Peer 1: 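I'd like to ask you about the structure that follows.
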Amino acid sequence: MSNRILTGIKPTGQLTLGNYIAVLKGLPKQMEKGELFYFIADLHALTLPIEPDVLRQNSIDLAAFYLAAGLDPNRATLFLQSDVSAHSELNSIMQNYLYMGELSRMTQFKDKSSKMKENAIGLGLFAYPVLMACDIILYDAKTIPVGEDQIQHVELTRDLVNRFNNRYGEVLVLPNYEVKKVGARIMSLSDPKVKMSKSDPKGDIFLKDDLSVIRKKIMSAVTDSGSEVKYDVENKPGVSNLLVIYASMKDITVEEAEKHFEGYRYGDFKREVADAVIEELEPFQNRYKEIIANKSYEKVLQEGAERARKVANETLRRVQKAIGLLGK
Ligand code: AQP
């Protein structure tokens, strides 16, 4: 079987530079490594309250972002999760094979629910990793490129696959996560101890920000006492984060970035980081605007859903048969 690679992003808010570095930047290279399935995780976006118009617009934006990042619909499949009903059908099966204890240990659930009143925490937020496991399993995906925060969910998927296969035979493919060496966790520019995140937009760089706003945000990013540009996450989290951003933009190691900035003052350092981000995002934003204007994402999503359905339905049928459900 070919190397199937699957990755998704939730249309929960405006995409950040963290999402870009984790998923979008590496997209052209990923297409050379295997058969790609990229999806818009719109069902996952419902786990926290979201307005219908906002969800619609975010989903369109995300489709355009994938295409602007270089997704070639002839070589990769792009689809909306909600267009493939097998995700929900498999979810209703697999929720019986993951346990409350496991789900309540998930860091993302603990982080998100801790900020909410108990009677406002939806079951979907708790059960999110079950659906995510189904997303992965349905495509027999072997490689799952993610940021650091999602490793735990892929590990849980592996537990589920092993558990299921031990009981029913080799029905499911065991996935592996793939985390970038540089940029696995981009931090907020205003508080470099917390992750840059769509749902907590303090200190975020948004992919739709005006270039002048991006420059301003980077120039006013929190740095640290001292004046040396050095990678030291413990003592210089702000500077370290900017070094990681620069290295990610230039596709170099953090050590190479550190060397490049030897002897720099913070002001000049930030200016070059801003230049690097803008150099990358300017053509990306132009492509995005073109795609939004010509609506080319519509046909891509329609054809993508058809291709995805075919693969997903086959896996679903395999699972149904294995567990003893009668049917076609
Ligand atoms: N700050 C980040 N640094 C590196 N990778 C990141 N990712 C997200 N933030 C960073 C990675 O982006 C991919 C898509 O993420 P997602 O939309 O599925 O949800 P998430 O991980 O929960 O991302 P957010 O931005 O924090 O969204 P909200 O606020 O809606 O929960 C994933 O591979 C993720 O690791």
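No experiment lies behind these values; they were computed from the predicted model shown. Order of appearance sets the numbers: ligands from 1, and atoms from 1 within every ligand.
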Peer 1: Can you figure out which of Gly183, Gly18, Ser188 has its heavy atom closest to atom 6 (C) of ligand 1?
Peer 2: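 Going through Gly183, Gly18, Ser188 one by one, Gly18 has the nearest heavy atom to atom 6 (C) of ligand 1.
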Peer 1: Tell me which one of Leu62, Thr16, Asn19 gets a heavy atom nearest to atom 7 (N) of ligand 1.
Peer 2: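 The nearest heavy atom belongs to Asn19.
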Peer 1: I need the atoms of ligand 1 closer than 4.0 Å to a non-hydrogen atom of Ile186, numbered in the order shown.
Peer 2: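 Result: 1 (N), 2 (C), 3 (N), 4 (C).
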Peer 1: Is Gly13 near ligand 1, meaning one of its heavy atoms is under 4.0 Å from it?
Peer 2: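 It does not; every heavy atom stays at 4.0 Å or beyond.
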Peer 1: Before signing off on this row, confirm whether Tyr128 and ligand 1 have an N or O atom pair separated by under 3.5 Å.
Peer 2: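 It does not: no N or O of Tyr128 is found under 3.5 Å from an N or O of ligand 1.
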Peer 1: Look up atom CG in Leu6 and atom CD in Gln30, then write down how far apart they are to the nearest 0.5 Å.
Peer 2: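 Answer for the CG-CD pair, Leu6 versus Gln30, is 11.0 Å.
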Peer 1: Starting from atom 25 (O) of ligand 1, locate the nearest protein heavy atom and write down its residue, its atom name and how far away it is, to 0.1 Å.
Peer 2: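 That would be Lys198 N, 3.0 Å.
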Peer 1: Is the closest basic N to carboxylate O distance between Lys25 and Glu280 below 4.0 Å?
Peer 2: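 So Lys25 pairs with Glu280 through a salt bridge.
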Peer 1: Could you state the interatomic distance from CE (Met132) to NE2 (His44), rounded to the nearest 0.5 Å?
Peer 2: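 So the gap between those two atoms works out to 7.0 Å.
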Peer 1: Within the 3.5 Å criterion, strictly below it, is a donor on Ser296 or Asn294 matched to an acceptor on the partner's side chain?
Peer 2: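 Yes, a side-chain donor-acceptor pair sits under 3.5 Å.
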Peer 1: From atom 5 (N) of ligand 1, work out which of Ser248, Ala22, Ala41 has a heavy atom at the shortest distance.
Peer 2: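 Residue with the shortest heavy-atom distance to the ligand atom: Ala22.
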Peer 1: Have a look at ligand 1 and work out which part of Thr12, if any, has a heavy atom under 4.0 Å from it: side chain, backbone, both or neither.
Peer 2: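 It is the side chain that gets close, since no backbone atom is under 4.0 Å.
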Peer 1: Quick check on Ile9 - does any of its heavy atoms sit under 4.0 Å from an atom of ligand 1?
Peer 2: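 Under 4.0 Å: yes for Ile9.
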Peer 1: Just say parallel, tilted or perpendicular for the rings of Tyr264 and Phe261, cut-offs at 30° and 60°.
Peer 2: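 If you compare the ring of Tyr264 with that of Phe261, the planes turn out perpendicular.
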Peer 1: Examine Phe39 together with Tyr139 and report whether their ring centres are nearer than 6.0 Å.
Peer 2: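 Between Phe39 and Tyr139, the centre distance exceeds or equals 6.0 Å.
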Peer 1: Non-hydrogen atoms of His44 versus ligand 1: any pair closer than 4.0 Å?
Peer 2: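 So His44 does not count as touching ligand 1.
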Peer 1: Measure Val23 to ligand 1 on non-hydrogen atoms and call it side chain, backbone, both or neither using the 4.0 Å cut-off.
Peer 2: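 For Val23, the contact with ligand 1 is made by the side chain alone.
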Peer 1: Check this for me: does any side-chain nitrogen of one of Asp111 and Lys195 sit under 4.0 Å from a carboxylate oxygen of the other?
Peer 2: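 The answer is no: the pair does not qualify as a salt bridge.
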Peer 1: Please determine whether side-chain hydrogen bond (donor to acceptor under 3.5 Å, both in side chains) holds for the pair Tyr266 and Asp224, giving the CA-CA distance in whole Å, both sets of side-chain angles, and the decisive distance to 0.1 Å.
Peer 2: CA-CA 9 Å; Tyr266 281 170; Asp224 319 277; 4.6 Å; no
Peer 1: So, are Glu35 and Arg307 salt-bridged, with charged N and O less than 4.0 Å apart?
Peer 2: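 No, no charged N to carboxylate O under 4.0 Å.
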Peer 1: Please state which part of Lys10 comes within less than 4.0 Å of ligand 1, counting heavy atoms only: side chain, backbone, both or neither.
Peer 2: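 Under 4.0 Å from ligand 1, Lys10 contributes backbone and side-chain atoms.
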Peer 1: With a 4.0 Å heavy-atom cut-off (strictly under), which part of Lys112 contacts ligand 1: side chain, backbone, both or neither?
Peer 2: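 Side chain only; the backbone of Lys112 stays clear of ligand 1.
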Peer 1: What atoms of ligand 1 come within less than 4.0 Å of a heavy atom belonging to Asp149?
Peer 2: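 So the atoms of ligand 1 that pass are 20 (P), 21 (O), 22 (O), 34 (C), 35 (O).
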Peer 1: For Gln108 and ligand 1, answer yes if some heavy atom of the residue is under 4.0 Å from a ligand atom, otherwise no.
Peer 2: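 The answer is yes, since Gln108 has a heavy atom less than 4.0 Å from ligand 1.
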Peer 1: Go through ligand 1 atom by atom and flag the ones less than 4.0 Å from a non-hydrogen atom of Ala184.
Peer 2: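 Contacts of ligand 1 toward Ala184, numbered from 1: 3 (N), 4 (C), 5 (N).
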